[in-house]
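Convention: sequence-line order gives letters A, B, ...; per-chain numbering from 1.
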Protein chains: 2
Amino acid sequence: MHYFTISDLAHEFDVSTRTIRYYEERGLLSPIRTESGQRLYTKKERAKLKLILRGKRFGFSLDEIHEMIALFDEDRTGKKQLEKTVEYGRRKLKEVDERIEDLLQLKAEMEALLSDFEKRLCEWEESGG
Amino acid sequence: MHYFTISDLAHEFDVSTRTIRYYEERGLLSPIRTESGQRLYTKKERAKLKLILRGKRFGFSLDEIHEMIALFDEDRTGKKQLEKTVEYGRRKLKEVDERIEDLLQLKAEMEALLSDFEKRLCEWEESGG
DNA sequence: ATTTTAATTGACGTTGACGTAAAAGTCAAC
DNA sequence: GTTGACTTTTACGTCAACGTCAATTAAAAT
């Protein structure tokens, strides 16, 4: 299996190494270490970082993202655990759905604004321009 | 015409008056004043606040939102101004589109995760449960 | 072998987005 | 006409999410 160094990930996702270490401080990432103490990231850790950054783009706090990532990490042996996980997942999914709805609304508003401006621009060109 | 007080808006949108004043400090809102200095908000200002809060929900910074709001405020006399506004609007709209795309991706990933968990839950119930 | 580049921890600094407290003025109600 | 709710400005506080040294160690390149 192949591992990523911290700067591999930093370059790939265009974040600082400090940021990646900070996410570890906050318990969002847990890379393994070489004998000398350097961090090595598996594909799974990489996937987690990807999810963190995606979450951030939508204004989720690191605490919220932490909860989401728990879906990756928890050992979901046991039925109870699994049920809890699924229920939490459904809730979060609903939140995401609401955000999409909200964004579509924003888009519609902006489009209305834009088409109004464009109309005015046309009028301008027809009459005086 | 009817005006809103600062606490009207604070209650309606569930933000603090401090927050509303802060948005004014940052140039995002510009209420008129009574003779004694109290703030009064028009429907337009209210709409701007709504837009600010919507923007915030998607992780836009106040600076970014400020630029968006300029679409409301700028005096768009003159063709040049109008053209610039429309062009900027198109760019921002594209960004919003990308965010929607991104969110749909997140949704898909979460759904995949969830259905995997649900499958496991079913297996659990069939076999041992 | 040694220079260059990259990694580590630790600690302090910064920025954005407000919260909070204080002092003073204003408005509606009683 | 005074109580009480609300408003104003000024100013300092706070918390998250990093940035930025600094000192040290390890790895890669020449």
Find the distance [X]:[atom1] to [N]:[atom2] and express it as a whole number of Å.
X: B:E24; N: D:dT7; atom1: CD; atom2: P; value: 14 Å
X: B:L40; N: C:dC27; atom1: CG; atom2: C1'; value: 13 Å
X: B:H66; N: C:dG16; atom1: NE2; atom2: P; value: 14 Å
X: B:Y23; N: C:dG19; atom1: OH; atom2: C1'; value: 13 Å
X: B:H11; N: D:dA5; atom1: NE2; atom2: P; value: 13 Å
X: A:D63; N: D:dA16; atom1: CG; atom2: C1'; value: 9 Å
X: B:L29; N: C:dA17; atom1: CG; atom2: P; value: 14 Å
X: A:I32; N: C:dT8; atom1: CD1; atom2: P; value: 13 Å

Which nucleotide sits closest to the side chain of [X]: [options]?
X: A:T19; options: D:dT7, D:dA17, D:dG19; result: D:dG19
X: A:Q38; options: D:dT8, C:dT8, D:dA17; result: C:dT8
X: A:T5; options: C:dG19, C:dA7, C:dG16; result: C:dA7
X: A:S61; options: C:dC18, D:dA17, C:dA7; result: D:dA17
X: A:S36; options: D:dA26, C:dC27, C:dC18; result: D:dA26
X: B:R18; options: C:dA6, D:dT7, C:dC18; result: C:dC18
X: A:S7; options: C:dC18, D:dT7, C:dA7; result: C:dA7

Can you check whether [X] has a side-chain N or O nearer than 4.0 Å to OP1 or OP2 of [N]?
X: B:Y22; N: C:dG19; value: no
X: A:K56; N: D:dC18; value: yes
X: A:R39; N: C:dT8; value: yes
X: A:S16; N: D:dG19; value: yes

Side-chain donor or acceptor of B:H66 paired with backbone N/O of B:L62 under 3.5 Å: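 The answer is no, because no donor-acceptor pair under 3.5 Å joins these two groups.
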Side-chain donor or acceptor of B:D102 paired with backbone N/O of B:R99 under 3.5 Å: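 Not a single qualifying donor-acceptor pair exists.
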Touch class at under 4.0 angstrom, heavy-atom based, for B:T17 against every strand present: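 Counting heavy atoms under 4.0 Å across all strands, no contact is made by B:T17.
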A:L28 vs A:K48, side chain to side chain contact (heavy atoms under 4.5 Å, CB included): CA-CA, chis, key distance, verdict: CA-CA 8 Å; A:L28 298 177; A:K48 277 162 60 181; over 6 Å; no
B:Y22-B:R26 side chain donor-acceptor pair, cut-off 3.5 Å: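 B:R26 and B:Y22 do have a side-chain donor-acceptor pair below 3.5 Å.
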Position toward the 5' end of DNA chain D (nearest nucleotide), A:R26 or A:T34: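 Its nucleotide being nearer the 5' end, the pick is A:R26.
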Comparing A:L62 and B:R33 on DNA chain D - which has the more 5′ nearest nucleotide: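 Its nearest nucleotide being more 5', the pick is B:R33.
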Heavy-atom donor-acceptor pair, B:R21 side-chain to D:dT9 base, under 3.5 Å: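 Answer no: no donor N or O sits under 3.5 Å from an acceptor.
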Chi angles and distances behind the side chain to side chain contact (heavy atoms under 4.5 Å, CB included) call for B:E118, A:R90: CA-CA 11 Å; B:E118 279 167 350; A:R90 283 222 189 83; 2.5 Å; yes
A:K94 side chain reached by A:R91 side chain, heavy atoms, under 4.5 Å: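 No, every pair of side-chain atoms sits at 4.5 Å or beyond.
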